[in-house]
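A short worksheet on the structure shown next.
Just so you know, these numbers use all the heavy atoms, side chains as well, and skip hydrogens, waters and symmetry mates. Throughout, a chain's letter reflects where its sequence line sits, starting with A, and its residues are numbered from 1.
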Amino acid sequence: MGRVRQTRLVLVVDRPDPSAVRVRTLVPDAAATDDPSGPVGTTHPATHWPDLAGQAGGAPGPAPRWVWDDTNLWYPQALAAGRRVERAHDLRLARAILRRSSLTAATPYAAAPPSGWDELRPVPAAPPPPAGGVEALFDLLPAPRTAPALDPVDEVRAQLAAVAASTDPGRLRLLLAAESAGALVAAELTHAGLPWRADVHDALLAATLGPRPRPGERPARLEELAVRIREILESPALNPDSHPDLLRALQYAGVGARSTRQWELEKLDHRVVAPLLEYKKLSRLLTANGWNWLDQWVTDGRFRPEYVVGGVVTGRWAANGGGALQLPHQVRSAVVADPGWTFVVADAAQLEPRVLAGMAGDLQMAEAGRGGDLYQGIVDAGAVATREQAKLGMLGAMYGGTTGESGRMLPRLARAFPRALELVEQAARAGERGEVVSTRLGRTSPRPGSAWQEAQGEAYGLDAPPDAQDAARAQTRAWGRFTRNFVVQGTAAEWALCWMASLRTRLWALPPATRPGGAPAPFTDRAHLVFFLHDELIVHTPAEHAAEVAVQVREAAAEAGRLLFGDLPVDFPLTVAVVESYDRAK
DNA sequence: TCCAGGGGCGCG
DNA sequence: AAAGCGCGCCCCTGGA
C-alpha cells in the first residue's frame, strides 16, 4: 500500500492500585511500525474506565488500539456501559503465542525465564448486566485484577520487540491482531447472546420427551422406554444409565454387545436395540440440552456461553458452559431471530483442505477448489472416482487415517496433489521426531510431554520389555497425527479469526436498525455476530440488511484468504443462508 | 462425601 | 460406517 498511514494511538490501560485506572499513551501503533520505543504519554487517573474508552474512541483520526492484560477484564465493562472498542492487543494471548512460536525462538523474549505474565490464566467474562440496570450496576463490577508488578507497558514493548526480531514479523503481527480481534468478538458474542426462544425449546422437549417432570423423575417417554428395556432384558432393577449395569444385562440376555456404544449396538440384531438406542438419544437430549440447561443458560431470550479464545492448542476457540460448540442440530429450531430481524448463517466450505492447498502452495488443489465444491473438483481432476472418496481421502490425509477407504485413497491423492500431501506428511514426520510444527501465521505446537520422551527412551533400552517398543511406536505415531493435524486445523483457525475480524469491522459500518432497541447498544442495534463455530458463523441482522450482510460475509472470507495466502489463487467459498431460525440453514 | 477417570456422545 | 484430529459435558463408578 502506497498511502501514508496516520498514526494510531496505542493506549495501555491497567490498574496499578484499586482506586485508579491508568491509561498511558504509546506512539506509534504497533501495526504501523516495529518501533516499540515511543515515549510513555499521559496518565489519566480515573475510576470509570469506559468513559475513557468512549472519549478516546470518539477522537478524530484512527481509533486507538487498546492494550490490556486480558480482554475479559476490561471489555465486558465497556460493552455494558455502551462502549465499543475497535482494536485491541491482548497481552496474555499474545504472550502465549510469542513465547512458543518457532518464529521468535531465537529472540530473548522466548528465552527469558517464566514471569508472572506466563501465569495469567483466562478469566471468565463478566456476566452481562440485566436489562435496565446498567448504570447502577456498573460501578459494582469487580475491579480488574492486574498484578501491580506486571507493567503492561514493559510487556507490550517486549512483545513488539520480539515480533520485530522474529523471522517473519508480518505474519506474527497479523496473528496477534487476529487473536486480539477474536477476543473482542468473543466478548461481544457473550454480550449480545444468541437469540433463543425458550418457549420453542420447551415445546420441542415436551413433544419429544413428554411434559417436564418433577426434579429427580424421568420424563414420561424416557420412563416408558426404560420399562420396556427392563422387560426385554428381563432385568427388573436395571438402570439404563449405568454402563456396567447395562452391559451386564445385555450379555446376560445374550445380545452379544461388547460395549454400549451406539454404533456397536446398531450392528446387533436384537429387539432391545431399537428401544435402547431411542433411550440413549432421548437421554442425551434431556441431560445435555433439556429443561435444566434451559434454566441455567437461557435468560431474557438469549443464550450466553463463554468463549475461550485460544482455548484449544491449535488456536481454535473452546467454550465454557452450556456446551456452546456442541449445540445439537436437534435443538437449533429454538434459535429464532427477533421480530423484524433475521439470521445470516455462513459456513466455509471444505475449509481445512483449502487451507492446506494454500499453505502448501498446491496450485492443482487450489484449482480443484476453484469456485465450488473442492471434493467434486478432486473427482473432476481425475484423482478419485467419487466425491465421497475425495472427502474420506482428504480427511484421512489431514487426520492421519490409514485404514479403509480413506487409506486406499491416499496414494491417488498424493499423485494428483503432491505438494499438499507432502506438507502434512512432513508435519507428521516432524511430530514423530518430537519436533514442533507451525501454522501459516506462526502459532507453534507444544512439545510432547516428558512421559512421551521417557517412553521413547525406555523403549530402546537394554532391558526394555517386549511391548515397550510397540507402545512407544504407538505414541510416536499418535504425536505425528497430532502435529499433522495441528498445521491444518491451526491455520484454518487463523483464517476464521481473520474472517471474523474483517466481518466485525464491516458490520459496524452498516446502519442501525430503523427501529432501535432500548438498552445501551454499542453494536447490537445493527447487524452483529451472535455465534461462531470453527468454520461457521451467525449474524443477527435487521431483515432489511440481510442481503448486504451476505455480501459482506463473502467479502470478509475473500479478505481472510488474501491476508493468509496473498495472491495465491485459493478460493474460500461460503454456504450462506438467510433464515429465521438456525435449523433452516443447510 | 468428594473427586478423578472412564465411557459415551454432541460439535467442527 | 468409523477411522484418523480437536474439544466440553453428561452420568456413573470406585477409591480416598
Looking at [Y] and [X], is any side-chain nitrogen of the basic one under 4.0 Å from a carboxylate oxygen of the acidic one?
X: A:Glu224; Y: A:Arg221; answer: yes
X: A:Glu425; Y: A:Arg429; answer: yes
X: A:Arg506; Y: A:Glu555; answer: yes

Whether [X] side chain and [Y] backbone form a donor-acceptor pair below 3.5 Å:
X: A:Ser406; Y: A:Leu392; result: yes
X: A:Thr104; Y: A:Arg100; result: no
X: A:Arg554; Y: A:Leu574; result: yes
X: A:Thr444; Y: A:Ser102; result: yes
X: A:Thr491; Y: A:Thr439; result: no
X: A:Gln552; Y: A:Leu503; result: no
X: A:Arg332; Y: A:Ser581; result: no
X: A:Ser101; Y: A:Ile97; result: no
X: A:Arg354; Y: A:Asp571; result: yes
X: A:Asp90; Y: A:Thr71; result: yes

Rounded to the nearest Å, what distance is computed from the [atom1] atom of residue [X] to the [atom2] atom of nucleotide [N]?
X: A:Tyr279; N: B:dC9; atom1: OH; atom2: P; value: 13 Å
X: A:Leu282; N: B:dG10; atom1: CG; atom2: P; value: 12 Å
X: A:Leu351; N: B:dG12; atom1: CG; atom2: C1'; value: 10 Å
X: A:Gln330; N: B:dC9; atom1: CD; atom2: C1'; value: 12 Å

Select base, sugar-phosphate, or nothing to describe what [X] touches, counting heavy atoms under 4.0 Å on all strands.
X: A:Arg332; result: sugar-phosphate
X: A:Thr260; result: sugar-phosphate
X: A:Glu352; result: nothing
X: A:Arg284; result: base

Between side-chain atoms of residues 256-263 of chain A and protein atoms elsewhere (two or more places apart, or another chain), which donor-acceptor pairs fall under 3.5 Å?
{"unit_1": "A:Ser259", "atom_1": "OG", "unit_2": "A:Arg261", "atom_2": "N", "d": "3.2"}

From the 5' end of DNA chain C to its 3' end, which nucleotides mark the outer limits of contact with chain A, defined by a 4.0 Å heavy-atom distance cut-off (strictly under)? C:dA2 to C:dT13
Between A:Tyr279 and A:Asp241, does any side-chain donor sit less than 3.5 Å from a side-chain acceptor? yes
Output the residues of residues 390-421 of chain A in contact with DNA chain B, where contact means a heavy atom of the residue under 4.0 Å from an atom of the strand; sort by number or write none. none
A:Gln296 or A:Glu266: which one's nearest nucleotide on DNA chain C is closer to the 5' end? A:Glu266
I want to check one thing: is the phosphate of B:dG8, taken as OP1 and OP2, less than 4.0 Å away from some side-chain N or O of A:Arg261? yes
Presence of A:Lys280 side-chain N/O under 4.0 Å of B:dG8 phosphate oxygens OP1/OP2: no
Could you check if the base of B:dG8 is syn or anti? Syn means the glycosidic torsion is within 90 degrees of 0. anti
For DNA chain C, what residues of residues 217-250 of chain A have any heavy atom nearer than 4.0 Å? A:Asn239, A:Asp241, A:Ser242, A:Pro244
What parts of residues 305-328 of chain A reach DNA chain C, counting only heavy atoms under 4.0 Å away? A:Val312, A:Val313, A:Arg316, A:Ala318, A:Ala319, A:Asn320, A:Gly321, A:Gly322, A:Gly323, A:Gln326
Assess whether atom NZ of A:Lys280 is packed by more than 12 heavy atoms of other residues, nucleotides or ligands within 6.0 Å. yes
Please find out if less than 6.0 Å separates the ring center of A:Trp293 from that of A:Phe303. yes
Run through DNA chain C and report every stem of 3 or more consecutive Watson-Crick or G-U pairs, distances under 3.5 Å, ordered by first number. B:1-12 with C:5-16
